[in-house]
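This report concerns only the one structure given below.
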Amino acid sequence: MDPLSLTTDALREPWRLWTCHLAHFSWDHALANALALAVPLVLAPQRQRFRLLGVALIAAPLLSLLLLAGLEHGQYRGASGLACVLWAWVGLRLLSIKNSTPAGLLMLGGLLLKLAAETVFGSCILLRPEGWQALPAAHLWGTFLGLTCALPVRFRTHHA
Amino acid sequence: MRPVSRLSIFAVFLTLMAGLGCNTPQNTTRRSSLMDYLYPKQQGAPVPNPAGARLKLPLKLGIAFVPTGTSSWRVQGLIAPGQEKPLLDVVKQGFKDKPWVADIKLVPSTYLRTGGGFENMDQVARMYGVDIMALVSLDQIQYTDPKWYSFTYISVVGAYVLPGDANDTRTLIDAAVYDVASHTFLLRAPGQSQVKGSSSWAHREVQLREHSQKGLQLAMIDLAKNLDAEVASFKAEVASGERKDVDVVNRQGVSLRQSGGKNFGGSVSWLEALGVLLILGIALRLRRA
């Protein structure tokens with residue numbers, strides 16, 4: 001059995017709670033997820049990049065624990081759940097920063113569009129995974145965790 | 001000076017020959033065969049069940065050492081009395097926390113008849129209430145080769161003091177797992193070990209016995225590890241439909257073959273990846289503006 005992916009063995013082998021987000025089924029799977037991870041890293045305010053890393057380290061095992069319940073005898077790999085955490089976190093943070101609100105809205109809008117598409121179509125668009133299936137729950141829980149970690153947000157107030 | 005008699009010369013020659021003769025390369029083979037147990041020569045191989053195996057998770061697994069030719073493997077002296085259980089426990093410990101295992105039963109080899117075939121396996125499985133049986137067969141070869149200074153054994157003292165024997169014990173354990181209900185072969189896994197050492201002529205047998213037991217222990221640990229990997233690849237084969245003769249059904253009654261193995265991935269499609277890049281570009285432009 002692969003020692004990095006998320007399975008019920010994670011309760012005895014806790015490193016899986018983190019490593020499953022780094023393990024992937026194929027190179028194109030990893031590359032597409034890496035692109036999604038890169039966006040919040042680039043757009044995050046410079047001062048908050050360390051905090052972003054902290055969010056990733058804390059949210060990763062939480063997300064894994066949330067996914068464990070539905071896995072049964074299956075396994076989970078992939079960074080897109082974690083990417084959703086970071087997109088939601090950075091998107092919400094950008095809303096409170098001057099000149100970055102449109103970027104934040106764009107990120108949250110994009111994320112919302114992905115979740116909506118997955119809800120309607122049941123899976124990612126134009127993805128043909130072999131031997132595994134995409135897990136929309138990972139993205140939904142990831143977004144929820146990202147938004148929760150970003151709160152409370154102090155929105156900019158416009159003074160007359 | 002009294003001349004040496006012919007008889008004395010002959011006696012010394014015989015002693016030398018005996019001393020050297022004691023220390024020629026030797027090897028001992030001990031073996032138990034799964035094929036001899038399941039398919040004894042007087043029986044033809046049974047026709048496989050066309051319906052195949054349908055395994056309902058979690059499974060009750062039985063493990064047993066296969067008996068050998070004329071008597072049980074344990075009686076032949078490879079496995080000392082009381083050693084069988086600790087050896088099987090190695091596999092049991094490795095699998096006790098697996099979600100697909102409900103219970104693991106250690107079946108004493110004395111319950112298996114020589115050449116008992118599937119009939120005997122069914123009896124034992126029914127007695128222990130197990131769904132699948134892992135039948136463990138063994139193959140152990142022990143080599144003893146003389147070292148260059150082993151000629152000192154002819155001094156008698158050397159035979160007790162100098163380690164002139166190079167001992168090498170190679171063990172191969174093979175576990176074959178069968179579905180009891182359909183007699184379908186599910187998977188197999190090997191475990192192997194090699195133990196080397198040197199001993200004096202007088203201590204040779206003691207060391208070979210120790211190495212025999214140690215070799216078995218190490219091979220069982222290796223087997224437990226390999227069995228885990230084989231189970232994973234077996235599951236993948238069933239999920240992908242490669243094993244058409246087997247299906248695995250989970251607690252909710254969902255077939256592993258139909259669910260596609262339940263390998264989940266958090267994924268971003270290429271269309272979404274393009275969208276991601278677009279958002280990144282626009283966001284960077286907005287920030288500069």
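Just so you know, these numbers come straight off a predicted model, no measurement behind them. Scope of the values below: all heavy atoms of this structure, side chains included, with no hydrogens, waters or symmetry mates. Chain naming here is simple, since letters A, B, ... match the order of the sequence lines and numbering starts at 1 in each.
Residues D168(B) and H211(B) bring no donor and acceptor atom of their side chains to less than 3.5 Å of each other. N120(B) and Y37(B) are linked by a side-chain donor-acceptor pair at a separation below 3.5 angstrom, with hydrogens and angles left out of the test. T169(B) and Q194(B) form no side-chain donor-acceptor contact under 3.5 Å, judged by distance and modelled atom types alone.
Only the side chain of L94(A) comes within contact range of chain B, with at least one heavy atom under 4.5 Å from a heavy atom of that chain. Interface remark: A79(A) contributes backbone atoms only to the contact with chain B (heavy atom separation under 4.5 Å). For a residue to count as touching a neighbouring chain, one of its non-hydrogen atoms must lie under 4.5 Å from one of that chain's; by this rule L278(B) does not touch chain A.
Counting heavy-atom pairs closer than 4.5 Å to chain B, the top residue among A32(A), G109(A), G142(A), A103(A) is A32(A). Heavy-atom pairs under 4.5 Å with chain B were tallied for L11(A), L6(A), L35(A), N33(A); the largest tally goes to N33(A).
Annotation: side chain to side chain donor-acceptor pair (under 3.5 Å) contacts involving residues 56-67 of chain A, sequence neighbours excluded, comprise H21(A)-S64(A). Under the salt bridge (Lys or Arg N to Asp or Glu O under 4.0 Å) criterion, no residue pair touches residues 26-55 of chain A, with sequence neighbours excluded.
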